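It should be emphasised that the depicted structure is a prediction, and the values quoted were computed from it without experimental measurement.
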Amino acid sequence: MDENSIRLVEALDADRNGEWDRAHAIVQDMDGTGAAWVHAYLHRKEGDLANAGYWYRRAGKAPASGSLESEWIAIRASFAGEGA
């Protein structure tokens with residue numbers, strides 16, 4: 001994994017451990033479509049769908065419609081090289 005992917009997995013794992021603010025702080029200072037995707041997921045989880053929509057657009061992704069759990073798994077697998 002490259003350093004960017006490591007940071008994104010760290011953010012996702014922080015979220016999984018109930019540390020949403022920490023996860024958000026990690027991705028907030030990152031650039032790129034991967035960070036935007038994690039950012040979108042975090043705002044979707046928070047319930048701020050308008051903000052999530054903005055970040056999905058920045059990520060080049062359609063807004064997720066499945067469960068938060070399935071989205072988390074797909075995002076983490078994509079950055080951890082585990083396949084979705």
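Scanning both residues, Ala23 and Ala11, for their nearest heavy atoms gives CB-O, 3.1 Å. Across every non-hydrogen atom of Trp72 and Tyr41, the tightest pair is CD1-OH, 3.5 Å. When every heavy atom of Ala40 is checked against every heavy atom of Ala52, the shortest pair comes out as O-CB, 3.5 Å.
Ile6 is not listed as a side-chain neighbour of Phe79, based on a closest heavy-atom distance of 4.5 Å or more. No side-chain heavy atom of Val27 sits under 4.5 Å from any side-chain heavy atom of Trp55.
Hydrophobic clustering keeps Tyr54 apart from Met30 (ILVMFWY residues linked when any side-chain heavy atoms are closer than 4.5 Å, directly or through intermediates). A continuous path of ILVMFWY side-chain contacts below 4.5 Å connects Tyr56 to Leu68, so both sit in one hydrophobic cluster.
Legend: side chain to side chain donor-acceptor pair (under 3.5 Å) pairs involving residues 30-40, not counting sequence neighbours, sorted by first then second residue: His24-His39, His39-His43. Residue pairs that meet the salt bridge (Lys or Arg N to Asp or Glu O under 4.0 Å) test with at least one member in residues 59-71, sequence neighbours left out, are Arg16-Glu69, Arg44-Glu71.
For Ser70, the side chain to side chain contact (heavy atoms under 4.5 Å, CB included) criterion is met by Ser67, not counting sequence neighbours. Contacts of Glu19 classified as salt bridge (charged side-chain N to carboxylate O under 4.0 Å, His left out), with partners at least two apart in sequence or in another chain: Arg22. Evaluation of the salt bridge (charged side-chain N to carboxylate O under 4.0 Å, His left out) rule for Asp13 yields Arg76 as partners, not counting sequence neighbours. Under the rule for a side-chain hydrogen bond (donor to acceptor under 3.5 Å, both in side chains), the partners of Asp2 that lie at least two apart in sequence or sit in another chain are Ser5.
To the nearest 0.5 Å, atom CG of residue Leu12 and atom CZ of residue Arg7 are 12.0 Å apart.
Put simply, the side chain of Trp20 gets close to the backbone of Leu42: a donor and an acceptor are under 3.5 Å apart.
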